[in-house]
Each structure stands twice: as structure tokens, then as C-alpha cells.
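One structure follows; several queries about it will come next.
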Protein chains: 4
Amino acid sequence: MAAAGSRRLPRAERERQMLDAAVATFARRGYRAASMDEIAEAAGVSKPLVYLYLNSKDELFSACIRREAAALTAAVRDAVEVGATPERQLWSGLLGFFEHTAAHPDGWAVLYSQARTVGEPFAAEVAVLRSEIVDFVAALLTAACGSRDVAAYAHALVGAAESLAGWAATAPDPAPTGRELAASLMTFAWSGLSQAVTGRVEGPAREESGRAG
Amino acid sequence: MAAAGSRRLPRAERERQMLDAAVATFARRGYRAASMDEIAEAAGVSKPLVYLYLNSKDELFSACIRREAAALTAAVRDAVEVGATPERQLWSGLLGFFEHTAAHPDGWAVLYSQARTVGEPFAAEVAVLRSEIVDFVAALLTAACGSRDVAAYAHALVGAAESLAGWAATAPDPAPTGRELAASLMTFAWSGLSQAVTGRVEGPAREESGRAG
Amino acid sequence: MAAAGSRRLPRAERERQMLDAAVATFARRGYRAASMDEIAEAAGVSKPLVYLYLNSKDELFSACIRREAAALTAAVRDAVEVGATPERQLWSGLLGFFEHTAAHPDGWAVLYSQARTVGEPFAAEVAVLRSEIVDFVAALLTAACGSRDVAAYAHALVGAAESLAGWAATAPDPAPTGRELAASLMTFAWSGLSQAVTGRVEGPAREESGRAG
Amino acid sequence: MAAAGSRRLPRAERERQMLDAAVATFARRGYRAASMDEIAEAAGVSKPLVYLYLNSKDELFSACIRREAAALTAAVRDAVEVGATPERQLWSGLLGFFEHTAAHPDGWAVLYSQARTVGEPFAAEVAVLRSEIVDFVAALLTAACGSRDVAAYAHALVGAAESLAGWAATAPDPAPTGRELAASLMTFAWSGLSQAVTGRVEGPAREESGRAG
DNA sequence: AATGAATGAGGATTCATTCAT
DNA sequence: AATGAATGAATCCTCATTCAT
């Protein structure tokens with residue numbers, strides 16, 4: 001079960017192992033149900049070492065959140081094509097988002113499922129992350145179509161993305177790729193269902209429009 | 001905190017009080033963090049009485065889930081205008097959904113935030129509920145526009161609705177009404193953002209179609 | 001499960017039902033593990049009624065002990081042939097003992113297994129009963145053979161009888177009858193194993209000797 | 001009450017201390033009435049440590065049973081003179097039995113009084129032990145006198161021994177020694193009460209026979 | 001004669017956390 | 001750099017017992 005491996009690692013490495021184990025454990029069992037014993041064993045170290053490096057369960061969880069939030073943020077930021085049209089920026093950001101969440105399901109679970117439900121110090125941390133994303137999306141929407149109600153649309157879009165990420169994680173037999181999810185969501189959001197019937201869009205490959213037409 | 005009230009109530013009423021207290025407590029603190037002591041006190045009764053009527057923390061939580069799921073289901077079912085166009089059915093269902101979740105934020109939190117993250121007996125219970133909703137929405141989408149990708153769109157729409165419900169619950173100063181939320185989401189989903197700029201669609205106010213052309 | 005039956009019985013009858021249920025429950029589960037709920041349900045009455053009639057768990061258990069001890073004592077006393085030879089008195093007493101314990105296994109279990117191990121108020125009650133029996137046996141032994149060591153022999157004999165009663169209760173396929181057990185024990189005790197090989201005794205049917213001779 | 005002693009012992013030693021405390025507590029109070037608090041205090045440690053090493057009350061009790069059963073078995077096995085006549089084997093076995101039970105009254109109480117009455121996982125464990133002893137005795141009896149009814153005689157003999165062990169434990173002022181008890185029981189069982197009047201037999205002091213003629 | 005409603009007290013078990021090495 | 005030994009403080013749950021009718 002434990003990562004066994006070599007004794008006497010440098011601190012940075014050990015800390016990474018512990019965070020990996022913690023993220024996996026928190027994802028699977030939830031914050032309260034995960035025990036420090038469990039995490040220490042999963043990390044292949046003794047419990048006092050976990051405390052030596054990470055001080056407390058709260059701080060450990062917080063460190064997990066920060067690390068996973070940073071990773072997700074970085075993945076999306078790196079994916080967004082700066083300078084492109086808003087639509088294209090949105091498309092590329094969604095792609096980055098879906099690919100990262102698919103590649104790091106435990107991190108995503110910690111951020112999305114666990115941290116939000118545990119209550120106060122932590123819910124606030126992820127709320128910040130989420131509202132940054134919502135604001136970014138809102139800015140894109142404003143730039144793209146100047147719509148009123150951007151706030152609502154941005155929340156809707158983010159919620160839709162979260163839902164699709166969760167859906168993709170739970171076994172629809174040939175799991176949709178990040179690209180497919182992004183394409184579906186772009187179509188859904190951009191063109192609207194009323195036009196989706198005719199849409200053949202698989203992503204805004206051509207400049208200007210995610211839906212042709 | 002305690003319901004004070006009269007001692008010696010008939011069982012059915014006491015049971016209802018207990019479920020109310022439990023839903024509120026689980027919503028605020030989460031399944032694991034909520035203690036039976038806390039719940040009993042919130043219900044204004046002693047802990048043994050909670051056990052006498054509801055047997056265990058698991059069963060109590062399960063009873064909360066079932067009650068809130070049934071209430072939500074009923075609210076949506078009663079709101080949907082049977083026989084109307086799919087679009088109008090979706091509109092009326094969303095309206096029912098947003099009004100119910102706004103009126104019962106604790107029940108919604110238990111279903112959406114807590115039950116899904118606690119793990120197995122419970123996650124499955126709400127997964128069933130959610131997939132029923134997703135399937136219902138998918139059927140409407142199919143009927144409405146025969147779109148490919150209905151599964152993805154249905155998940156996106158449901159996720160968007162969940163996100164808006166959560167957003168409305170967390171203090172945007174003049175909280176959007178259920179009607180506004182439903183209208184935003186209909187526009188978002190039906191017409192697409194690329195057309196939202198005209199902002200004409202506020203929900204299918206006119207008989208027959210919210211989508212028109 | 002409950003004895004159901006008619007409401008509103010006269011007190012004596014109800015009390016008997018309760019004691020029956022209590023003896024059965026204590027025998028099966030032990031004093032501590034048996035709950036008043038369980039006993040009340042087995043008796044087919046509500047718990048407050050049990051308290052109304054028998055006051056407390058302690059007193060209820062005590063009442064069980066007294067009733068079963070009295071029944072066993074009476075069975076043995078009635079079986080002993082007064083005025084007969086000591087050997088014959090012993091034989092008839094053993095016969096009464098084995099037949100009663102076989103007929104009332106729950107009562108026997110309460111006296112022998114449970115009451116002795118529960119600790120102080122109760123262990124003393126059965127200790128009295130047992131020592132009366134031991135004394136009675138010791139008197140017979142003294143009368144019969146004037147042996148020194150009667151105390152030890154009496155304890156041995158009583159222990160042997162208890163062991164055989166327990167053995168008979170636990171499924172040796174054709175369970176030995178009380179008569180057979182009494183015969184075995186008489187032979188064992190009276191003639192000694194060294195002579196048992198030739199013994200054909202099935203009980204001291206003929207005057208004078210339980211072993212022929 | 002606490003073993004005071006030094007803090008921070010090696011696990012094996014602490015575990016032994018805990019078992020000692022548990023055996024004493026279970027013997028005095030019974031399985032159900034003994035609380036883990038009580039046992040931990042008697043062992044001079046905190047409750048969590050008891051759980052860390054012995055997992056649960058059930059497992060703790062089971063460990064007590066196994067340890068005491070093994071000790072008793074070993075004592076008797078080591079006492080039996082292998083290769084001697086059956087009579088002499090029985091004599092030496094009884095001697096070992098009485099000496100061990102006198103030296104370890106708590107262990108004997110746990111096996112004889114408590115474990116048998118607690119119900120299923122445990123009663124079975126000691127039933128196995130007891131039936132092994134009964135079988136061993138039965139084999140000796142068969143070898144010694146080929147008697148019919150060995151089963152009954154073996155049960156009687158074992159029961160008599162148990163009774164004498166219990167008697168010796170409860171304060172007959174000059175407590176009989178193991179040797180005296182074994183001698184009484186050998187006489188009782190081997191020669192029979194009808195011959196005990198001569199009282200010559202005190203155990204097989206002379207080589208070869210405890211029964212002589 | 002009988003019961004539905006209710007509770008104070010206690011017991012098993014778990015967990016985050018620290019100490020001594 | 002790392003760990004075996006140890007615990008204070010909850011938490012779930014049960015039970016004997018009483019009250020009001």
C-alpha cells in the first residue's frame with residue numbers, strides 16, 4: 001500500500017509524496033473521514049513525520065487545496081491563447097480545463113467535491129478560485145457579446161463545465177475526450193440548443209465562430 | 001436553538017422536527033462534522049429520542065436525503081406543464097427547480113453539496129435522483145431539437161442550473177428571483193450566447209415559444 | 001414474538017408471563033446483555049408494566065432466581081424418597097434433579113450459568129442454594145459410609161451432576177435420559193471406576209445396592 | 001490500582017500487562033460488566049493504547065481466553081506423566097490442573113465462569129478446550145478399565161474437578177492443597193464412595209496403583 | 001390495568017496530536 | 001531525517017428508568 005521507496009529522502013521530495021497521498025486519500029474519503037494514519041500509511045512514512053512537515057490536518061488539507069488550485073489555474077492559464085478572440089480564448093481555456101481535470105481526477109475531486117463542503121476555512125479558499133474563474137469567463141463573455149446578464153451566464157457556463165467534468169469522470173463507456181467536452185460545451189453555450197440541431201461544430205477550428213453560420 | 005415548544009408531541013410531529021433540525025445541521029456542517037448531540041439539541045429533544053425514532057446517524061441522513069429528494073422531485077414535477085412544448089416544459093421545470101431550491105436552501109445543500117461527497121450508500125441515492133433529472137432533460141432536448149450529443153447537453157444544462165442555484169444562494173445583493181434565473185438559463189441554453197446580445201428572450205412569456213426566431 | 005394473548009390479565013398471570021419471558025431471555029443472552037426492552041417484548045407487554053410489577057432489572061433477575069431455585073429445590077425434595085437408605089435417597093434425588101433440569105433448561109441456565117457469574121447480590125443467592133444441596137449430599141454420604149472428606153466428595157458429586165446436566169443439554173444425539181444420567185453418576189460415584197467395568201447397574205432397582213454386588 | 005511502573009515500555013511487555021489487567025477485571029466483573037476504562041486503568045495505561053494493541057473488547061477477551069487456555073493446557077500437559085499407567089496419568093494430570101487453577105484463579109474464572117456464559121464467539125472457544133480435556137480423560141478411562149459409558153464418566157469426572165477447583169478457591173479455611181484435591185477426586189472416582197470408608201487411598205503414592213485393593 | 005413519550009448516564013471506539021529517542 | 005509509544009477529547013450508540021395519560 002505504502003509508497004515504500006527509499007528512506008531518507010530530501011524534504012521536498014517527501015513533502016510531495018505526502019501531498020500526493022493526502023490528495024488521493026481526501027479525494028476518496030473526504031476531509032473528515034480521511035485519517036492521518038491512513039494518509040501517513042499511504043505516503044509510506046510515519047505519522048510524526050507528516051506532522052513535522054505539515055503541522056496539522058488542517059494545514060495539510062489547505063496545502064492540498066493550494067497545490068491543486070495552483071495546478072488547475074496554471075493548466076488553464078497555459079492553455080488559453082492570449083490575444084485570440086474571446087471565443088477562441090474560451091475554447092482553449094475549456095480544453096485546458098477538461099484535460100487537466102481528466103488527468104488529475106483526485107485533485108479535481110478535492111477542489112470541487114470536498115473542499116467546498118467542508119466548511120469555513122476551506123470553502124472560502126476554493127470560492128476564491130472559482131470566482132476568479134467566473135470573473136475571467138464573465139470578462140470573455142462581455143468582450144464577445146456584450147450581453148447583459150454576464151454574471152448569470154458565466155455562472156451557468158462554469159457550472160456546466162464542472163458538471164461535464166464530473167460526468168466524464170464517471171464511466172460513460174468511451175469516456176469523452178477533453179476536446180469533445182469542450183466542443184459540446186462551446187456549441188451548447190455559444191450557439192444555443194435551438195441551433196445545435198444543425199451544428200456540426202467540433203471546436204472553433206476556423207477563426208471567428210465556434211458554430212459556423 | 002431548541003424548538004422549545006411543547007413537550008410530549010405525537011411521534012410524527014417530533015420526527016418532522018428532527019428531520020428539520022438534521023437537514024439544517026447537515027447542510028451547515030456536513031455529514032461527518034455534524035454530531036448527533038448537535039442535531040438533538042437543534043431539534044429540542046434528547047439524543048436517545050432521535051435514536052429511538054431514526055435509529056442511527058446513517059439512517060437519519062438517509063431519511064433527510066429521501067425527504068428532500070422527494071420534495072424537490074415533487075416541486076419540479078408539479079411545476080412542469082404537462083402536454084406543453086418541450087421548451088415550455090423545460091422552462092416551467094427550471095422555474096419550479098429554482099423556486100424550490102431558493103425556498104429550501106438547506107435541503108438543496110444536503111442533496112447537492114453534502115450527500116454527493118460522503119461516499120457510498122448516500123452518493124448513490126442522489127446519483128439516482130440526478131440521473132433521473134438528467135434523463136428527463138435529455139428527453140426534452142431530444143424532443144425539442146433532436147440534437148446529437150443530448151447526453152452532454154443535458155449534463156451541461158443540469159450543471160448550469162445547479163451552479164445558478166448555488167450562486168443565487170450566496171448573496172448577490174439583490175438575489176435573482178427564480179424567474180430571472182430560469183430566464184437566464186433558458187436564454188443561455190436555448191438561444192446561445194452568440195444571440196444573447198439582443199437580450200430579447202426573457203423566458204417563454206408568450207405562449208408557445210421562448211425561442212421563436 | 002410476543003405472547004400476544006389477551007389484554008387485561010390478572011396480575012398474577014401477567015407476572016408469570018413476565019418471569020417466563022425474563023428467564024428465557026436471561027438464559028439466552030445473560031444478565032447484562034438482556035435488555036428490559038427485549039424482555040418486555042418477549043412477555044408481550046409494555047416496559048412500564050414490567051417496572052410496575054417488578055420494579056427494576058435487579059429485582060426481576062432476583063425474582064427469576066428465586067422462582068427457579070424454588071422450583072428446582074421442590075423438584076428434588078419431592079423426588080427424594082424419605083426414609084429410604086442414603087444410597088436410595090441419593091439416587092432418587094439425582095433422578096429428580098436430572099429430570100427437572102432437562103425439563104427446564106432455561107431455569108437451569110439462569111441458576112447455573114448466569115446467576116453465578118454476574119457478581120454480588122446474585123452469586124450469593126445461588127451460592128446459598130448450592131451449598132444447601134452440597135450439605136444435603138454430604139449428610140447422605142456421611143450416613144452412608146461415614147467417609148472422611150465428605151465435603152470434598154459432596155462437592156465432587158454435585159459438580160459431576162452439574163456437568164452431566166449441562167452435557168445432556170447440549171445435543172449428544174440421543175440425549176441421555178435423566179434415568180441414565182442418574183445411573184451413570186451413581187455407578188461412578190458409588191462403585192468407582194475401577195469396578196465399573198463389570199457393573200451392569202441401571203439404577204438401584206434392588207434394595208441395598210446401586211451397583212449390585 | 002495502576003501498575004504505576006515506568007512509562008514507555010516495549011510493546012510486548014505492555015501487552016502482557018494489559019492482558020493481566022483484563023483477565024483480572026473480566027474475572028471479577030464478567031465480560032459485559034467490565035468496562036474498557038476499568039481495564040485500562042487497571043493496566044496503568046490510557047484506553048486508546050489498549051485499543052491500539054488489542055483492537056476491541058471482543059478481541060481483548062478472546063486474547064485473554066486464548067492465553068489462559070494455552071496456559072492451562074500447557075500446565076496439564078506438562079504435569080501428565082507420559083508412558084505411565086492411565087491411572088497415574090490421570091492422577092498427575094489432576095494434580096497439574098488443581099495446582100494451576102489454584103495458582104491462577106482469575107484465569108480459571110475467565111475460562112470456567114465467564115467465557116462459557118457470554119455467548120457465541122467465546123463459548124465455542126472454551127467448549128473446544130473443554131471437550132479436548134473430556135476426550136483426553138475418556139481415553140484414559142477406556143485404557144484403564146474399558147468401561148462402557150466412558151463419555152458420561154468423563155463428563156462427570158471433569159465436572160467434579162471443576163467443582164473442586166471452584167470450591168478450593170472460595171475460602172474453606174485451610175484451603176485444600178492441589179494434592180489433597182487430586183487425592184480426593186482419585187479416590188472418589190477410582191475406588192468409589194462405597195469403598196472410601198476405609199480412606200486408605202490418598203493418591204497413587206506407591207508406584208503403579210492409586211487404587212490398590 | 002396499561003402504554004406512548006422521553007431522558008440521564010455510561011460504554012465502546014476513533015482520532016488528531018505529542019513525546020522521547 | 002525519522003519513528004515507536006502514548007493520550008485527551010470527542011462521537012456514536014444503548015440502556016435502565018420515569019412521566020403523563
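Note on naming: letters A, B, ... go to the chains in the order of the sequence lines (proteins, then strands), and numbering restarts at 1 for each one. Not measured: the values here are computed from a predicted model.
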Check your understanding: Counting only side-chain N and O atoms of A:Arg14, is one of them less than 4.0 Å from OP1 or OP2 of F:dA2?
Key ->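 A:Arg14 to F:dA2 OP1/OP2: side-chain N or O found under 4.0 Å.
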Review point. B:Pro10 or A:Lys47: which one's nearest nucleotide on DNA chain E is closer to the 5' end?
Key: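 Nearest-nucleotide comparison on DNA chain E picks B:Pro10.
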Check your understanding: For D:Ile39 and E:dT13, what is the distance between atoms CD1 and C1' respectively, to the nearest whole Å?
Key ->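 Nearest whole value for this atom pair: 14 Å.
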Check your understanding: If you check the B:Ser35 side chain, which of F:dA6, F:dC12, E:dA6 turns out closest?
Key ->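 Output: F:dC12.
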Point to revise | Residue mapping more 5' on DNA chain F - nearest nucleotide basis, C:Asn55 or D:Pro48 | key: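 It is D:Pro48, whose closest nucleotide lies nearer the 5' terminus.
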Check your understanding: Any side-chain heavy atom of D:Glu125 sitting closer than 4.5 Å to one from D:Ser62?
Key ->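 A side-chain contact under 4.5 Å exists here.
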Point to revise | Stepwise side-chain contact (heavy atoms from CB on, under 4.5 Å) check, D:Leu9 with D:Glu15 | key: CA-CA 10 Å; D:Leu9 295 184; D:Glu15 225 161 317; over 6 Å; no
Practice item. Check the distance between E:dA20's P and A:Tyr51's OH and give it to me in whole angstrom. Key: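 After rounding, the gap between these two atoms is 18 Å.
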Exercise for review: Give one of base, sugar-phosphate or nothing for C:Arg11, where a contact means two heavy atoms less than 4.0 Å apart.
Suggested key: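 Here C:Arg11 touches no strand at all.
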Check your understanding: When you check the phosphate oxygens OP1 and OP2 of E:dC19, does a side-chain N or O of D:Arg8 lie under 4.0 Å from one of them?
Key ->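 Looking at the OP1 and OP2 atoms of E:dC19, neither is under 4.0 Å from any side-chain N or O of D:Arg8.
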Exercise for review: Can you tell me the distance, in whole Å, between the CG atom of D:Leu60 and the C1' atom of E:dA12?
Suggested key: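 Answer to the nearest Å: 12 Å.
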Review point. Can you tell me how far C1' of F:dT14 sits from NZ of C:Lys57, to the nearest Å?
Key: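 Going from C:Lys57 (NZ) to F:dT14 (C1'), I get 11 Å.
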Review point. Reckon C:Ala34 touches a base, only the sugar-phosphate, or nothing at all at heavy-atom distances under 4.0 Å?
Key: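 Sugar-phosphate, no base atom in range.
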Point to revise | A:Arg32 NZ/CZ over B:Tyr31 ring centroid, <6.0 Å and within 45° of normal | key: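 That pair does not qualify as a cation-pi contact.
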Point to revise | Side chains of B:Leu49 and B:Met18 in contact at under 4.5 Å (non-hydrogen atoms) | key: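 Side chain of B:Leu49 against side chain of B:Met18, heavy atoms only: contact under 4.5 Å found.
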**Study point:** F:dT11 phosphate, OP1 or OP2, under 4.0 Å from B:Arg32 side-chain N/O
**Key:**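 For B:Arg32, the contact criterion (side-chain N or O under 4.0 Å from OP1 or OP2 of F:dT11) is not met.
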**Study point:** First encountered from the 5' end of DNA chain E, between C:Tyr53 and A:Ser56
**Key:**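 On the 5' side of the pair lies C:Tyr53.
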Check your understanding: Rounded to the nearest Å, what distance is computed from the CE atom of residue B:Met36 to the P atom of nucleotide E:dT13?
Key ->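 For the pair B:Met36 CE and E:dT13 P, the rounded distance is 19 Å.
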**Study point:** For atom CG of B:Leu52 and atom P of E:dG8, their distance in whole Å
**Key:**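 Rounded to the whole Å, the gap is 15 Å.
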Exercise for review: Check the distance between E:dA12's P and D:Arg29's CZ and give it to me in whole angstrom.
Suggested key: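 In whole Å, E:dA12 P and D:Arg29 CZ are 10 Å from each other.
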Point to revise | Gap between atom CG of A:Leu19 and atom CD of A:Glu68 - 0.5 Å precision | key: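 CG of A:Leu19 is found 8.5 Å from CD of A:Glu68.
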Exercise for review: Quick one: look up who F:dA5 pairs with, Watson-Crick or G-U, both distances under 3.5 Å, and put none if it's unpaired.
Suggested key: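 F:dA5 is paired with E:dT18.
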Practice item. Please report, rounded to the nearest Å, how far the P atom of F:dA10 is from the CG atom of D:Asp37. Key: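 Going from CG in D:Asp37 over to P in F:dA10 covers 16 Å.
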Practice item. Hunt down the Watson-Crick or G-U wobble partner of F:dC12, both distances under 3.5 Å, from any strand shown, or write none. Key: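 F:dC12 is paired with E:dG11.
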